[in-house]
Amino acid sequence: MLLAVALLLVVTLVAGTVLAVVTVRRPLPETSGEVQLSGLSGEVSVLRDDQGVPQIYADTAEDLFRAQGFVHAQDRFFEMDYRRHVTSGRIAELVGDNPAAIAGDKVIRTFGWRRVAEQEWAILDAETKTYLQAYAEGVNAYLAERSPGELGFEYTVLDVTVSVDDPEPWDPIDSLAWLKAMAWDLRGNYDHELDRARAYSTLQDAERVDELFPAYPFDVNVPIIDADEADAQQVDRQVEPASGFGEALESDALHEAIEAADRALASTPVLVGRGEGTGSNSFVVSGEHTASGLPLLANDPHLSLGAPSIWAQVGLHCNVVGPECPFDVAGFSFAGYPGVIIGHNADLAWGLTNMGADVTDFFIERVRSGATLRGDEWVPLETRTETIEVNGGDDVLLEVQSTVHGPIVSTVLDLDEIKDAPREGFEFGELAVSLQWTALEPGRTADAIFAFNRAADAEDVRAAAALFEVPAQNIVFATTDGQIGYQAPGKIPVRRDVEGPVPSDGTWPRPGWDERYDWDGFVDPDDMPRVVDPAEGFIVAANQAVLPEGAGPHLTRDWDYGYRSQRIRALIEDEIRGGRPLDTDAMNEIMLDDWNPYAEILVPLLLEQDVEDDFAADGQELLADWDYTTDTDSAAAAYFAAVWRNLLRTTFWDELPADAYPSGGSRWLAVVQGLLDDPEDPFWDDRSTVSVLETRDEALLQALVSARLDLTVELGKNTSDWEWGTLHVLELEHPVLGGDGIPALVRDYVNPDAVGMPGGSSIVNATAWDAASGSFAVTAGPSMRMVVDLGSLDDSTWVTVTGVSGHPGSPHYDDQLDAWAEGRTFDWPFSPAAVADASSDELRLVP
């Protein structure tokens, strides 16, 4: 959800004042000359290239992060301020009496992200605290003598309808709370767990629900670590529904509670990315297969795409690297947090992709009179009251209730009251849903980020990964001395095997009153999967299964189904077999691959269908000589996407609730692939046609015909005029001023121009779209692309979806967008000489 603030602005006021040149340019920072910065112990140099990317040089680590805080505030302070209001449940305090803002605040206060961040402060390394404090001092030095209008254009707009005071000083806890938002959006199988329960509410058959969540296809798409490399225990998880499963889930009260929980959690603003389009590609190739003779590493995290981009490119360099100042690192940072999240230093490069580990569980709780059932006893709920301040409105009081598992999330919003369950077995009071999530316990991810920035080899990565508790990520890495490797970090719950009413592997909501379903500690970091220098000479981590079938520790059942990862493997293997050493260009081309695995599976069957109507057959003919690539100018790609959308609608909409309609991601491709082998599977039948029993071929034919009619309306009568890029459009939105509730003049100013995109869901160039919405618009995609050449770091490349600046009036607000959309990248200088040569501005920060 992008938060759209409903601002009642008079058009003449907007035109005459808000968008005046002086207003939009006033927040733009100084990027050359000399500026005094309180707290510095020595001079700091900030060099910027033609894209405005800052490279910071300092004598001490504290000065380095103090300067990074200053620079982040220069470029992105409103974004930072908005994020900290989100992560502390104070959006309405910033934007006013807005229902979406208040709903988001209620849910985040229920989670208690900031409360957990405050608890984390006590367990962090003293060094980490020093860096976070220095960063905050740098931010505050920038804020000290500037009015809100000098910090961000957005404050001037907000000031028309709400009271805009001077922003409060930045606090290190503001940075820590941001890590909770990152963890929430990348949390694992949360959606699948609720989707199973939702699907059961209409299917009433556990076996048919399982059809919609097929097992990972290990025989087709290989895991990150293959059987020869895996050094893991064997696990035998109970995954089949046990006796009594149907009876336990047939309660109307349970479905109401799950629906209420889902509606509440959907109210949290998306800050990083969410849903099946959220993933990433990463792959690393050893020197035996590269032109330089040393490794190459590529990474392109697939996240929500907005303006500004989630990433802020930066270089952080100690003038003399040593124990007192150990940083010489460059890459992608989060505005609001010191250090680099993904990138490289002088010895090592690392990339991250979402592991998808199951780190959340929903517990169905029996509650009554302020207590919850545990075994045979009623235990008092933990209760606290939160006060949500509303800018220009009345305070909102929120009572938060928690069980031993975590906060109750089904009663957060003002939904219909959950009634007593009518079925036998639920006579002990009302039902509620609580959430247990690893990130709601204090952790040391903040320590891990600085550890990665300093890492030099596989053992350093392993040590840093042990601290990187949330979100659970796949880490690929490479070193300048030739090592490549993979390491799984994360705080992974251990679940007992239970013969009970629901599977105990974390795939379904669990009975909170049955203590056997409680978590049993966490996986030992030493047992987490890893591999160094695998025999085949490359590693691909693109959200697929981590370990071979049956190998442990148990991480999840709900992986991405591996179509992207397998395609990347095939492209790398083709280069190796052809004797073509890979270079940065080849790695970038792999990330841009737009070959469609859906087409390979479906098109042969689609071409077998007898489309009798000549007009409808025009569409089918496009598929006959299609090479399955999804370029922006491809008519076949447009038609096939419409066929896929309509096939999902025909096959599943009649049997699933609306909030469980197929999104079209990799799981749904696996589902349909399984159904193709059974032309008479009940899912093919359209239940709305009572007197007719449809089969697979009738569903395929209907999808072909209806797609031709749909695109005739959407793109025109002549198929030669159809282009995928006309349908598959990226429209970047500002998180506060970009939505439909904003006057068009402001909205058009802060939102970059729309761009047509190649690729699609589960394609390597993963520009996802949501089939359930009916639209082909891009919902997520590669938020950045990087290739690091460990043989020559200065030959590395990078690009981000918009630009380094968060100011709509800056030339660097969206100056990378066209290059990103076209698949181009920029040089990424690292050595002092290369940085100096690429620099166009220098700002000296002095004590």
Any chance the side chains of H85 and D105 put a donor and an acceptor closer than 3.5 Å?
no
Please determine which of V95, T87, L94 meets the side-chain contact (heavy atoms from CB on, under 4.5 Å) test together with I91.
V95
Value rounded to 0.5 Å, distance of CH2 in W184 from CG in L440:
8.5 Å
Quick check against the 3.5 Å criterion: does R84 have a side-chain atom that pairs as donor or acceptor with the backbone of G336?
no
Polar side chain donor-acceptor pair, S163 to N391, under 3.5 angstrom:
no
The test is side chain to side chain donor-acceptor pair (under 3.5 Å); show your working for T353 and N474 and say whether it passes.
CA-CA 5 Å; T353 63; N474 297 309; 3.1 Å; yes
Side-chain donor or acceptor of S267 paired with backbone N/O of G104 under 3.5 Å:
no
Output for pair (R368 CZ, L381 CG), nearest 0.5 Å, gives 12.0 Å
Can a salt bridge be assigned to the pair R263 and D659 using a cut-off of 4.0 Å between side-chain N and carboxylate O?
no
Okay, side chain of R83, backbone of A335: is any donor-acceptor separation there less than 3.5 Å?
yes
Could you verify whether a donor N or O on one side chain and an acceptor N or O on the other, from D505 and T507, lie under 3.5 Å apart?
yes
Have T128 and D447 got a donor and an acceptor in their side chains that come within less than 3.5 Å?
yes
Test item: V433 and P509 side chains (from C-beta on) under 4.5 Å apart, heavy atoms:
no
If I compare all heavy atoms of A432 with all of A257, which pair ends up nearest, and what's the gap?
CA-CB, 4.4 Å
Looking only at heavy atoms, which two atoms of L547 and P529 are closest? And how far apart?
CD1-CG, 3.6 Å
Working to the nearest 0.5 angstrom, can you tell me the gap between I388 CD1 and E93 CD?
10.5 Å
So, E382 and R384, do they make that salt bridge, N to O below 4.0 Å?
no
Test: D262 and R198 ion pair at under 4.0 Å:
yes
Does CG belonging to D394 count more than 12 external heavy atoms closer than 6.0 Å?
no
Please assess R495 against D358 for the test salt bridge (charged side-chain N to carboxylate O under 4.0 Å, His left out), listing each intermediate value before the final yes or no.
CA-CA 11 Å; R495 299 171 175 87; D358 186 356; 3.3 Å; yes
D210 with R196: basic N within carboxylate O range, under 4.0 Å:
no
Under the salt bridge (charged side-chain N to carboxylate O under 4.0 Å, His left out) criterion, do R90 and E168 qualify, and how do the steps go?
CA-CA 13 Å; R90 296 168 49 212; E168 62 198 61; 2.8 Å; yes
D560 versus S666, side-chain donor and acceptor atoms under 3.5 Å:
yes
Indicate yes or no for a side-chain donor-acceptor contact from R516 to the backbone of R496 under 3.5 Å, with no hydrogens or angles considered.
no
Between E120 and R115, is the closest basic N to carboxylate O distance under 4.0 Å?
no
Does S762 reach the main-chain N or O of G665 with its side chain, forming a donor-acceptor pair under 3.5 Å?
no
Which of parallel (below 30°), tilted (30 to 60°) and perpendicular (above 60°) describes F522 and W519?
perpendicular
Would you please say whether a donor-acceptor pair under 3.5 Å links the side chains of W668 and S761?
no
Heavy-atom pair of closest approach, residues T360 and E193:
O-OE1, 3.4 Å
Would you please say whether a donor-acceptor pair under 3.5 Å links the side chains of N543 and W559?
no
Whether E655 and R687 form a salt bridge (side-chain N of Lys/Arg under 4.0 Å from carboxylate O of Asp/Glu) is what I want to check.
yes
Looking at every heavy atom in both A183 and W437, which two are closest together, and how far apart are they?
C-CZ2, 3.5 Å
Under 6.0 Å from the ring centre and within 45 degrees of the ring axis: does the NZ or CZ of R667 meet both conditions for the six-membered ring of Y561?
no
Answer yes when E441 and K491 have at least one side-chain N-carboxylate O distance shorter than 4.0 Å, and no when they do not.
yes
Using a strict 4.0 Å threshold on nitrogen-to-oxygen distance, state whether R510 and D518 make a salt bridge.
no
Taking K106 for the side chain and L398 for the main chain, is one N or O donor matched with an acceptor at less than 3.5 Å?
no
Min side-chain heavy-atom separation T387-V396 under 4.5 Å
no
Evaluation steps, ring-ring contact (aromatic ring centres under 6.0 Å, His included), between Y661 and F652:
CA-CA 7 Å; Y661 285 167; F652 299 107; 10.0 Å; no
Whether the E399 and T385 side chains hold a donor-acceptor pair (N or O, under 3.5 Å, no angle test) is what I'd like checked.
no
One thing to verify: whether R649 and D686 come together as a salt bridge, which I'm taking to mean a side-chain N less than 4.0 angstrom from a carboxylate O.
no
Would you say the side chains of E469 and T445 form a donor-acceptor pair under 3.5 Å?
no
Hey, is the main chain of G89 close enough, under 3.5 Å, to the side chain of R109 for a donor-acceptor pair?
yes
So, the side chain of T651 versus the backbone of L648: is there a donor-acceptor pair under 3.5 Å, distance only?
no
In terms of side-chain heavy atoms, does S775 have a donor or acceptor partner in W769 at a distance below 3.5 Å?
no
Tell me if the centroids of the rings in Y517 and F363 come within less than 6.0 Å of each other.
no
Could you tell me whether a side-chain N or O of T372 sits under 3.5 Å from a main-chain N or O of E365, the two making a donor and an acceptor?
no
W178 and Y337 aromatic centres sub-6.0 Å
no
